[in-house]
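Here's the structure we're looking at; comments come further down.
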Amino acid sequence: MAERHYDPSEIEPRWQQVWADEHTWEVSNQPLEGETSDATSYVLEMLPYPSGEPHIGHLKKYAVGDAIAHFHRRTGHRVLHPMGYDAFGLPAENHAIKTGVHPRDSTAESIASFQRQFRSWGISIDWSRELGTHEPSYYRWTQWIFLQLYEAGLAYRREAAVKWCPNDQTVLANEQVVDGCCERCGAVVEVKQLEQWFLRITDYAERLLSDLDGIDWPEHVKTMQRNWIGRSEGAEVTFHCEELGIDYPVFTTRPDTLFGATFFVMAPEHPDVLRLVEGTEQEQAVRDYVNQTLTESGEERGSLEKQKTGVPLGRYVVNPVNGERIPMYVADYVLMEYGTGAIMAVPGHDERDYAFARAYGLPIRRVIEGVPDQGADAEGLPYVGDGPLVGSHPDFDGMGNREALRAIVQWLDREGKGHASVNYRLRDWLVSRQRYWGCPIPMVYCDSCGVVPVPAEQLPVILPDIEDYAPRGRSPLAGAEDWVNTECPACGGKARRETDTMDTFVDSSWYFLRYCDARNEEAAWSAQALAMWMPVNQYIGGVEHAILHLMYARFFCKALADLGHLEFQEPFSALFTQGMVTKDGAKMSKSKGNVVSPASIVERYGADTARCYILFIGPPDQDADWSDEGMEGVHRFLARLWRLAAETAERADGKPEPAFEERFAGPGGAALEGDDLELARKAHWAIEKVSEGMRRFAFNTAIAAVMELLNECSRMRDSLDVDSLRFGLATAASLLFPFAPHLSSEVYELLVGERVWERPWPQADPDMLQREEYELVCQVNGKLRDRVQAPSDADEEQLKALCLAAPNVQAHLGGHEIVKEIVVPGRLVNLVVR
RNA sequence: GCGGACGUGGUGGAACUGGUAGACACGCUGGCCUUAGGAGCCAGUGGGCUUACGCCCUUGAGGGUUCGAGUCCCUCCGUCCGCACCA
């Protein structure tokens with residue numbers, strides 16, 4: 001027989017051509033006759049950022065997503081599986097600064113490379129809905145959403161501190177500040193107050209938190225979001241500064257320790273700090289301290305080992321519970337961003353306040369009784385645990401602190417000095433970027449009208465071409481004078497455009513909505529299109545987006561739902577996070593020289609091998625280390641399947657009779673015997689295994705089950721009826737289709753003469769899974785002593801008898817008394833002897 | 001420091017609700033075929049004892065619950081991730 005050779009470079013392009021020519025994976029927004037809402041499914045991988053070429057992580061993400069999409073299709077769903085590009089962003093802009101190549105051109109080049117590779121991987125994408133977030137037809141609607149948020153008061157402008165490099169004359173992202181210096185030029189970074197646009201995500205903190213309970217997401221992702229939102233219950237308590245007649249509210253989770261407050265601390269950024277010391281002898285010391293802190297990097301300031309520092313303000317506030325005057329300080333361990341930017345300090349029961357009190361010789365007072373914690377001083381302080389109150393007030397002393405907490409808050413509330421309060425760590429989302437390659441913020445500034453939104457009908461505000469991408473103090477867009485100078489939409493007078501662009505996370509917070517109706521020129525989407533597809537049934541992406549992207553997208557949906565634009569609250573019903581692919585245990589990187597390029601793998605072994613291997617390597621939610629040997633093993637498996645199929649097709653000569661599979665299931669299966677029966681059973685076993693694997697994302701074990709089926713076909717090849725072999729191999733191909741679509745299509749057509757993707761997912765026949773005999777495990781005192789064949793319908797008594805009769809069980813009983821018998825039908829018998 | 005995940009052969013990993021530990025694959029060893037093979041096929045492969053039937057040990061360490069623990073509970077060790085002066 002002539003040598004046969006599995007040649008993916010011939011097979012794969014041929015099938016890709018079929019799918020492209022026939023638009024196989026396109027779905028329409030027109031419901032099918034009598035189609036119910038659960039007949040559609042939306043499977044989505046996080047859209048790629050097009051930079052250079054796709055890497056192995058992309059291959060894994062789309063291999064997972066495509067397997068799910070195919071499985072949903074073949075289990076009776078019409079599946080939306082689109083593709084797009086998160087095309088705005090800093091890397092393309094930095095490249096432009098270096099080379100002068102327009103970001104649009106370098107991005108287009110990268111997109112073309114992604115498209116080519118996605119097609120060569122055989123991913124089943126509905127290309128008719130393709131989009132790029134940098135296209136005016138897309139960002140027009142990003143701007144429209146911004147205006148919707150603005151009109152609802154959810155987008156607002158205020159001054160905020162930003163990192164500023166005085167040398168490069170630009171605002172820096174936090175990631176660009178290394179040890180307090182500019183990563184590019186090394187200049188010491190300054191903090192500058194600039195007017196910035198914010199989105200009011202904090203309004204949604206509670207809902208973002210509570211709605212996590214209703215979605216099928218990995219627990220660790222939910223935990224990360226919960227921690228990020230950081231809900232704390234406590235009280236807001238007002239401290240009064242008599243000298244200046246100002247109230248200073250503070251947030252505390254421990255109002256039970258109020259009587260232990262011995263000083264009061266403000267964050268260096270607190271707007272009142274300088275005002276409080278103006279004209280006093282403290283002024284210079286405070287100014288120096290504030291300036292010094294503000295130029296320190298976050299890491300420097302945040303380091304826990306650092307000695308606590310601060311400066312007295314020379315002012316006092318009154319503790320509302322006991323009327324005590326306590327001194328005010330400014331100290332950098334208090335953060336402006338959290339709570340009110342000021343705290344009451346209780347050194348007896350807070351470690352940070354304790355450290356500060358020690359350093360500055362401030363009084364430390366015990367107000368809760370309790371066994372000292374580790375590292376406490378001779379007095380047993382600081383003590384952060386629970387216990388009865390002492391030295392507070394006769395009304396509360398002796399009361400357990402948790403109970404006292406409630407009582408004190410009630411008292412504060414009655415007296416108008418405070419109230420129960422909930423605080424969140426989450427802060428409003430700063431979306432302004434002083435950058436060129438992003439979506440323009442659709443706002444203008446008019447001398448007479450102030451801030452004016454660009455009317456929706458004038459959208460999009462087109463990002464103009466510029467010559468010089470280097471940032472010069474403001475966004476590079478500020479240099480495009482013709483573009484900046486415009487007419488006020490309100491009064492027609494002279495106005496200037498906003499020159500900042502939006503954070504690219506804004507672009508990606510709604511793209512999944514646009515896919516539903518990507519060619520709609522009248523609106524961002526139609527209600528009908530969203531009703532058909534949203535929410536996303538299965539979302540797939542890396543854990544690195546566990547917080548930012550996934551939180552922002554949820555926020556957008558809630559806000560847009562409140563504004564009447566959406567009918568649902570949560571965009572992603574189910575989430576799957578895939579693990580990283582490493583090489584030699586390390587993250588792939590050019591500098592380490594351990595990059596595995598998907599293009600070269602596909603070229604050499606084919607897309608089916610690459611896709612199967614990346615799923616076979618281990619559970620897809622875990623990190624996995626790439627091994628060339630492992631991949632070759634998978635390649636051998638695919639080659640064996642192809643070879644045996646080709647050989648069988650030749651032997652079988654022509655198509656099987658219609659519905660030939662019926663011989664191997666249901667009543668037809670009853671007629672089988674010997675190896676033909678064995679193989680049919682193995683096939684149904686594999687159907688069961690793979691189907692279960694698809695539901696659990698256990699693709700590695702699913703592929704292993706198909707390998708077992710093929711091994712069985714191969715082992716019995718000479719004794720099997722040719723149709724049995726045909727059935728076994730066709731089933732293997734059918735089950736492998738979500739992972740290796742080209743080879744599976746090829747093999748299925750060879751053997752059955754049909755298109756596998758048009759066939760329903762195979763069903764495991766329960767009768768074929770049932771055997772008349774099984775291997776009964778016989779244990780004595782919990783140890784395996786023998787195995788015997790037992791009829792499937794044997795009752796407990798019969799099983800016990802079988803076990804007792806087993807030779808090696810007999811040997812271990814050895815006349816001992818049986819004190820207990822455990823019978824698990826279908827599994828084992830355990831005899832306990834004394 | 002807080003929160004989370006994980007720890008199984010030489011390697012990647014299997015074992016869904018406690019019930020035959022090591023499926024499947026890589027690697028390795030031996031054999032067949034071949035002019036040759038880095039192609040293909042067959043067999044073996046956790047450790048120890050035994051001619052053999054078998055027996056003992058083994059899922060990071062120690063303890064516990066149970067007829068029975070990789071799986072459940074406690075303590076410890078180690079690895080990875082997230083947050084980190086959040087009042």
Side-chain angles (χ1 to χ4, degrees), chain A residues 3-5 218-224 226-228 230-232 234 250-254 257 265 298-299 301-306 308 331-335 337-346 349-353 355-356 423-427 543-544 546-547 579-580 613 616-619 621-634 636-637 639-640 643 689 692-693 695-696 698 700-708 710-711 714-715 775-787 807-808 811-812 819-824 826-833:
Chain A
E3 258 311 300
R4 294 165 193 281
H5 178 60
E219 232 8 86
H220 69 279
V221 174
K222 290 191 189 184
T223 305
M224 275 156 113
R226 287 190 190 108
N227 292 344
W228 187 261
R231 184 183 199 271
S232 303
V250 299
F251 174 76
T252 176
T253 53
R254 296 295 305 275
T257 63
V265 192
E299 291 102 283
R301 188 172 158 183
S303 110
L304 277 170
E305 297 81 52
K306 197 188 128 184
K308 294 242 174 324
D332 67 358
Y333 80 94
V334 174
L335 309 173
E337 310 85 52
Y338 187 76
T340 61
I343 61 152
M344 67 171 201
V346 184
H349 302 283
D350 181 282
E351 281 161 7
R352 298 150 303 178
D353 298 341
F356 190 83
N423 205 12
Y424 300 91
R425 210 187 76 111
L426 183 71
R427 295 172 217 149
V543 245
E544 64 274 16
I547 296 169
M580 218 172 44
Y613 174 61
F616 182 68
I617 192 169
D621 57 331
Q622 280 166 39
D623 291 351
D625 202 57
W626 182 275
S627 127
D628 291 336
E629 291 79 22
M631 184 191 52
E632 283 177 27
V634 170
R636 281 199 285 272
F637 156 65
R640 273 204 329 270
R643 225 179 306 119
K689 280 292 233 191
E692 191 212 290
R695 285 187 285 269
R696 290 173 38 209
N700 52 335
T701 55
I703 293 169
V706 181
M707 287 175 170
E708 283 196 54
L710 175 64
N711 289 348
S714 188
R715 193 169 65 81
E775 195 171 64
L776 179 74
V777 168
C778 304
Q779 297 183 332
V780 177
N781 285 346
K783 282 187 193 278
L784 172 74
R785 291 307 177 191
D786 219 330
R787 300 168 231 252
N808 203 41
H812 281 271
V819 293
K820 197 167 184 180
E821 297 143 342
I822 288 103
V823 183
V824 184
R827 278 243 139 81
L828 55 78
V829 174
N830 184 15
L831 303 173
V832 185
V833 300

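Letters A, B, ... are given to chains in the order of the sequence lines, protein chains preceding strands, and every chain is numbered from 1.
- Atom CE in A:Met631 sits about 18 Å away from atom C1' in B:C24, given to the nearest Å.
- Using a 4.0 Å heavy-atom criterion, one finds that A:Asn423 contacts no nucleic acid atom at all.
- Between A:His812 and the phosphate of B:C55, there is a side-chain N or O to OP1/OP2 separation shorter than 4.0 Å.
- Between A:Ile703 atom CD1 and B:C26 atom P there is a gap of 14 Å when expressed in whole angstrom units.
- The phosphate of B:G19 has neither OP1 nor OP2 within less than 4.0 Å of any side-chain N or O from A:Lys783.
- As judged by a 4.0 angstrom heavy-atom cut-off over every strand, A:Phe616 is placed among the base-contacting residues.
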Under 3.5 Å, which protein N or O atoms sit close to an N or O of nucleotides 15-17 of chain B? Give each pair with its distance.
unit_1: B:A15; atom_1: OP1; unit_2: A:Arg696; atom_2: NH2; d: 3.3

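- Listed by chain and number, the residues in a side-chain contact (heavy atoms from CB on, under 4.5 Å) with A:Asp621 are A:Phe576, A:Pro619 (sequence neighbours excluded).
- Remark: side-chain polar atoms of A:Tyr613 are paired, donor with acceptor, to backbone N or O of A:Ser627 under 3.5 angstrom.
- B:C83 is paired with B:G1 under the criterion used here, namely a Watson-Crick or G-U wobble arrangement in which both key atom distances are under 3.5 Å.
- For A:Pro619, the side-chain atoms get nearest to B:G13 when compared with the rest of B:G13, B:C55, B:G4.
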Review item, nucleotides 79-83 of chain B N/O atoms under 3.5 Å of protein N/O:
unit_1: B:C83; atom_1: O3'; unit_2: A:Arg425; atom_2: NH1; d: 3.4

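- Under 4.0 angstrom from either OP1 or OP2 of B:C41 there lies no side-chain N or O belonging to A:Arg636.
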| remark: Letter by letter from the 5' end, nucleotides 63-71 of chain B scores (B base, S sugar-phosphate only, - none; protein heavy atoms under 4.0 Å) ----B----
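- Remark: B:A52 base-pairs with no nucleotide in the shown strands. Criterion, Watson-Crick or G-U wobble with two distances under 3.5 Å.
- Residues satisfying the side-chain contact (heavy atoms from CB on, under 4.5 Å) criterion with A:Glu544, sequence neighbours excluded, are absent altogether.
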Please produce a list of atom pairs where a protein N or O lies less than 3.5 Å from an N or O of nucleotides 43-53 of chain B.
none

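- A salt bridge is absent between A:Arg715 and A:Glu708; no separation between the charged side-chain nitrogens and carboxylate oxygens falls under 4.0 Å.
- Comparing B:G44 with B:U8, their P atoms are spaced 27 Å from each other, to the whole Å.
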